[in-house]
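First comes the structure, then the notes that go with it.
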Amino acid sequence: MVEVILPDGSKREYDEGATALDVALSISEGLARNVLAAEVNGEVVDATRPLPATANLKLLTWNDKDGKSTMWHSSAHLMAEAIEALYPGTKLAIGPSIDAGFYYDIDLGGHKITDEDLPAIEKKMKELAGQKNTFDRQEISKADAIKYFTEKDDEYKLELIDGLDDGTITFYTQGNFTDLCRGPHVPHTGFIKSIKLTSIAGAYWRGDENRQQLTRIYGITFPKNKELNEYLEMIEEAKKRDHRKLGKEMGLFTFSQKVGQGLPLWLPKGAALRERLENFLKVAQRKAGYEPVISPHIGHKDLYVTSGHYAKYGEDSFRPIMTPHEGEEFLLKPMNCPHHCEIYKATPKSYKDLPVRYAEFGTVYRYEQSGELHGLTRVRGFTQDDAHLFCTPEQVKEEFKNVIDLVLYIFKTLKFENFRAQISLRDPDNPEKYIGSDENWEKAERSIIEATEEKGLDSVIEYGEAAFYGPKLDFMVKDALNREWQLGTIQVDYNLPERFELEYVGADNERHRPVMIHRAPFGSMERFVAVLIEHCGGKFPLWLTTDQIAILPVSEKYNDYAQKVLNYLNNYDIRGFVDDRNEKVGKKIRDNEVDKIPFMLIVGEKEEDNNEVSVRKQGDGDLGAMSLEKFSEFIGQEIDKELN
RNA sequence: GCCUCUGUAGCUCAGCUGGCUUAGAGCAGCUGAUUUGUAAUCAGCAGGUCGUGGGUUCGAGUCCCUCCAGAGGCUCCA
């Protein structure tokens with residue numbers, strides 16, 4: 001007998017050899033049709049596997065994350081089967097499910113494949129799906145597995161098998177296609193109803209750019225066509241929020257081939273927006289005890305030799321700038337911290353001075369591979385909202401916590417609710433990748449973990465993601481297309497104080513080494529603005545947006561009154577302009593609506609006579625007439641709401 | 001950097017398999033008319049050596065190659 005315990009705690013008994021699918025069938029036929037996989041005692045397995053004597057069972061459907069990934073993994077196999085049928089001799093590497101869909105990395109030999117070939121593969125997949133072939137699991141010995149793929153002459157699978165232990169290897173077969181696979185899979189290919197192959201890309205075998213480049217085909221599948229259509233619509237919607245598109249439309253920034261790729265040019269409206277963001281942070285930093293400093297855009301090569309960056313990144317940086325006669329080498333600054341270390345050293349420090357907090361919106365230049373550049377999120381010249389805190393080892397945790405507060409304050413004000421905090425620690429298996437003593441690393445890692453815990457911040461720990469000089473805490477936010485970007489970052493550094501021989505005199509009258517904390521709540525202004533644009537779809541908060549109001553005289557007879565209204569509101573720090581174009585009101589409304597102006601104030605005879613404005617709010621339409629006093633009070637309240 | 005794709009006026013796009021025109025349209029711009037009441041008033045004008053450089057051809061925006069830039073990935077990210 002098999003005892004099955006369902007998630008609601010109810011118990012059921014089945015005959016020996018019963019499967020999850022049998023359980024589903026005993027509940028309802030409809031459920032059985034939707035079961036993609038099963039979670040048995042915490043492990044995701046095929047719904048067609050016999051259950052153990054006691055099974056805590058959860059039936060997985062499309063509504064479960066693991067159900068979806070099982071479906072997509074099976075889809076990858078289905079695609080592989082189609083490709084093998086269409087392109088005999090294709091070698092297969094790996095084909096996993098991903099966040100949204102799946103891919104398979106393949107080696108087509110000399111054959112080339114393009115977007116135009118995808119419909120044919122889709123068609124073949126649909127044909128094979130229609131055959132409702134079951135996915136059959138087979139345990140196989142390592143020797144037999146090697147034999148099978150040696151005959152197929154597939155060196156990729158052989159390399160994968162090489163890393164597996166005998167006795168743990170399984171094959172899955174559907175139709176005429178067999179693949180090395182851990183599973184699980186959906187019961188049969190007929191579960192895959194709606195198929196879309198989305199793109200082709202190059203991908204290196206095992207992610208190593210020195211190895212074979214494979215062809216990666218991405219796709220996504222759904223149990224119903226309706227869901228595929230919804231997905232495609234969602235992608236279309238997301239594209240409308242893309243900061244590259246909105247940035248161009250709204251006149252925020254641009255790129256020029258002449259200036260150079262990856263070097264953004266901020267247009268007046270974008271610059272105004274950015275300046276407001278910077279001022280917002282400057283105010284918060286002043287309150288938090290930061291002192292502004294300023295450093296130049298280049299620095300002597302020796303500065304970076306001392307910091308260690310030259311040894312690590314020198315080859316992958318912009319080439320040095322030479323003085324014409326002396327041949328001295330200067331580098332475009334790739335980071336601000338070495339300069340700030342020298343600022344620290346400018347005067348002797350006592351423990352009573354610490355912590356010192358140097359802040360600078362510092363523009364840095366990094367050579368990024370051309371294929372990596374992306375709108376404002378990945379550029380070659382960008383401005384960090386940088387600051388470096390120098391403190392005693394005892395102060396690290398407290399300072400770290402204060403920085404977390406600052407980051408959270410910014411995220412809250414800008415309504416970034418869906419962020420992820422990631423603690424990046426050393427890779428314990430590759431200690432040689434890092435500089436600095438074990439003891440310091442341990443101290444730093446402990447401080448970060450404790451500070452994060454004490455702030456009650458929900459975070460994940462990633463090993464091997466630390467910077468080479470210290471562990472860090474990053475705040476990650478997703479863009480419109482669900483790609484994740486790092487915004488805020490806080491990093492502990494025991495290394496630079498050592499290299500720059502930074503000191504302070506302690507209460508014991510001895511010299512001590514301070515600890516340094518690098519931090520940037522926005523990360524970079526460029527990336528932050530990009531993510532902000534996508535986050536709010538170009539409709540910036542009132543306090544931040546460049547033009548809060550547009551005043552629309554109904555005819556040029558009222559231009560003077562409109563100007564009066566603008567002057568009045570300017571006195572209350574309300575920003576905007578008079579739309580005195582020779583156009584009808586309807587046209588002006590439409591244009592300003594398209595430009596995402598939060599408030600339009602329509603003025604004509606009635607308004608002028610009563611010293612009023614007719615208010616139209618973006619998205620909400622006509623709010624009726626208000627006196628000037630009332631409107632300025634109203635908009636002031638709206639702004640206060642946003643900032644508190 | 002690598003793989004695949006893309007590149008026509010400021011913007012969005014037409015231009016079929018190379019040949020009738022001096023490469024078209026809408027929006028934006030300029031000029032004029034209109035003096036306008038809650039999402040597009042009308043008319044006219046101007047604007048492009050079709051990303052760049054080569055090649056094939058009697059003839060190329062259209063075919064081929066180089067380079068540049070952009071997109072989606074891979075790798076990387078102090």
Side-chain angles (χ1 to χ4, degrees), chain A residues 98 103 105 108 112-118 198-218 239 242 244-245 248-249 251 254-258 260-262 304 307-314 316-317 333-338 364-375 377-380 384 435 465-470 472 481 483 485-486 489 491 493 495-496 518 552-559 581-595 600-607 614-618 621-625:
Chain A
I98 51 177
Y103 67 79
D105 283 348
L108 289 149
K112 256 192 183 175
I113 197 169
T114 71
D115 292 333
E116 285 157 25
D117 299 311
L118 296 181
T198 48
S199 65
I200 296 179
Y204 300 105
W205 172 232
R206 302 221 136 169
D208 183 343
E209 66 182 309
N210 298 313
R211 302 196 65 180
Q212 176 77 23
Q213 179 144 26
L214 305 167
T215 303
R216 174 171 297 181
I217 303 180
Y218 284 91
K239 279 185 185 159
D242 191 312
R244 292 165 298 184
K245 181 177 156 67
K248 191 190 261 183
E249 282 174 7
T254 190
F255 288 89
S256 147
Q257 243 174 277
K258 270 223 170 73
Q261 62 174 165
Y304 304 103
S307 71
H309 292 108
Y310 190 79
K312 180 113 180 136
Y313 292 103
D316 288 318
S317 299
K333 80 171 162 186
M335 40 187 348
N336 304 300
C337 35
V364 297
Y365 301 89
R366 297 178 185 176
Y367 173 79
E368 303 285 1
Q369 297 192 98
S370 62
E372 243 337 290
L373 301 170
H374 181 94
T377 50
R378 197 67 190 275
V379 288
R380 284 179 170 169
Q384 294 177 314
I435 50 183
E465 291 292 312
F468 73 93
Y469 53 78
K472 57 181 181 166
L481 293 171
R483 286 174 296 218
W485 298 97
Q486 177 209 304
T489 181
Q491 316 185 348
D493 188 349
N495 173 55
L496 280 185
H518 309 244
L552 319 188
V554 297
S555 90
E556 70 186 26
K557 285 186 234 159
Y558 310 104
N559 284 356
R581 291 175 303 162
N582 182 4
E583 296 288 353
K584 297 172 106 169
V585 195
K587 167 74 166 166
K588 294 185 188 180
I589 289 173
R590 181 186 150 75
D591 288 349
N592 286 297
E593 195 76 44
V594 169
D595 284 348
M600 282 179 242
L601 306 180
I602 295 148
V603 296
E605 191 178 356
K606 283 190 305 236
E607 289 78 9
S614 282
V615 181
R616 189 190 160 94
K617 188 177 180 186
Q618 179 190 58
D622 197 352
L623 300 186

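The sequence lines fix the lettering, A, B, ..., with proteins before strands; numbering per chain opens at 1. Values in this document were obtained by computation on a predicted structure and should not be read as measured data.
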From [atom1] of [X] over to [atom2] of [N], roughly how many Å is that when rounded to an integer?
X: A/Trp485; N: B/C76; atom1: CH2; atom2: P; result: 15 Å
X: A/Ile602; N: B/U36; atom1: CD1; atom2: P; result: 16 Å
X: A/Asp115; N: B/U6; atom1: CG; atom2: P; result: 8 Å
X: A/Asn592; N: B/A40; atom1: CG; atom2: P; result: 13 Å
X: A/Ile113; N: B/G73; atom1: CD1; atom2: C1'; result: 15 Å
X: A/Arg590; N: B/A40; atom1: CZ; atom2: C1'; result: 5 Å
X: A/Lys245; N: B/U6; atom1: NZ; atom2: C1'; result: 17 Å
X: A/Met600; N: B/G37; atom1: CE; atom2: P; result: 16 Å

inquiry  = For a quick check, tell me whether the side chain of A/Arg378 and the base of B/C76 share a donor-acceptor pair closer than 3.5 Å.
reply    = yes
ask   = Between the side-chain atoms of A/Tyr367 and the base atoms of B/G1, is any donor-acceptor pair under 3.5 Å?
value = no
[N] and [M]: how far apart are their [atom1] atoms, nearest whole angstrom?
N: B/U12; M: B/G51; atom1: P; answer: 14 Å
N: B/C13; M: B/U6; atom1: P; answer: 15 Å
N: B/A69; M: B/U52; atom1: C1'; answer: 10 Å
N: B/G29; M: B/G48; atom1: C1'; answer: 15 Å
N: B/C3; M: B/A25; atom1: C1'; answer: 36 Å
N: B/G1; M: B/C67; atom1: C1'; answer: 16 Å
N: B/U38; M: B/C50; atom1: C1'; answer: 42 Å
N: B/G61; M: B/U49; atom1: P; answer: 13 Å

Classify [X] by what it touches in the nucleic acid, base, sugar-phosphate, or nothing, heavy-atom distance under 4.0 Å.
X: A/Glu605; answer: base
X: A/Asp622; answer: base
X: A/Lys557; answer: sugar-phosphate
X: A/Ser317; answer: base
X: A/Val554; answer: base
X: A/Tyr469; answer: sugar-phosphate
X: A/Glu465; answer: nothing
X: A/Gly604; answer: base
X: A/Glu249; answer: nothing
X: A/Ser614; answer: base
X: A/Arg216; answer: sugar-phosphate

Report, one pair per line, the protein and nucleotides 64-72 of chain B atoms (nitrogen or oxygen only) whose separation is under 3.5 Å.
from, atom 1, to, atom 2, distance (Å)
B/C68, O2', A/Gln257, NE2, 2.9
B/A69, OP1, A/Gln261, OE1, 3.2
B/G70, OP2, A/Gln261, NE2, 2.5
B/A71, OP1, A/Arg244, NH1, 3.1
B/A71, O3', A/Arg244, NH1, 3.2
B/G72, OP1, A/Arg244, NH1, 3.1
B/G72, OP1, A/Arg244, NH2, 2.7
B/G72, OP1, A/Arg483, NH1, 3.1
B/G72, OP2, A/Arg244, NH1, 3.1
B/G72, OP2, A/His374, ND1, 3.1
B/G72, N2, A/Ile200, O, 3.3

When you check the phosphate oxygens OP1 and OP2 of [N], does a side-chain N or O of [X] lie under 4.0 Å from one of them?
X: A/Lys588; N: B/A39; answer: no
X: A/Lys258; N: B/G51; answer: no
X: A/Lys584; N: B/C42; answer: no

Residues A/Glu607 and A/Ser614: side-chain donor-acceptor under 3.5 angstrom = yes
Both distances under 3.5 Å, Watson-Crick or G-U wobble: report the partner of [N], or none.
N: B/A40; value: none
N: B/G47; value: none
N: B/G61; value: none
N: B/G70; value: B/C5
N: B/C76; value: none

Taking only nitrogen or oxygen atoms into account, show me every contact under 3.5 Å that the protein makes with nucleotides 43-47 of chain B, one pair per line with its distance.
none

key: Taking every non-hydrogen atom, the tightest pair across A/Pro334 and A/Tyr304   = CD-CE2, 3.5 Å
ask   = Would you call the rings of A/Tyr469 and A/His309 parallel, tilted or perpendicular if under 30° counts as parallel and over 60° as perpendicular?
value = perpendicular
ask   = Under the 6.0 Å and 45° cation-pi test, does A/Arg211 pair with A/Tyr204?
value = no
query = Could you give the distance from CG (A/Asp115) to CD1 (A/Ile200), rounded to the nearest 0.5 Å?
reply = 5.0 Å
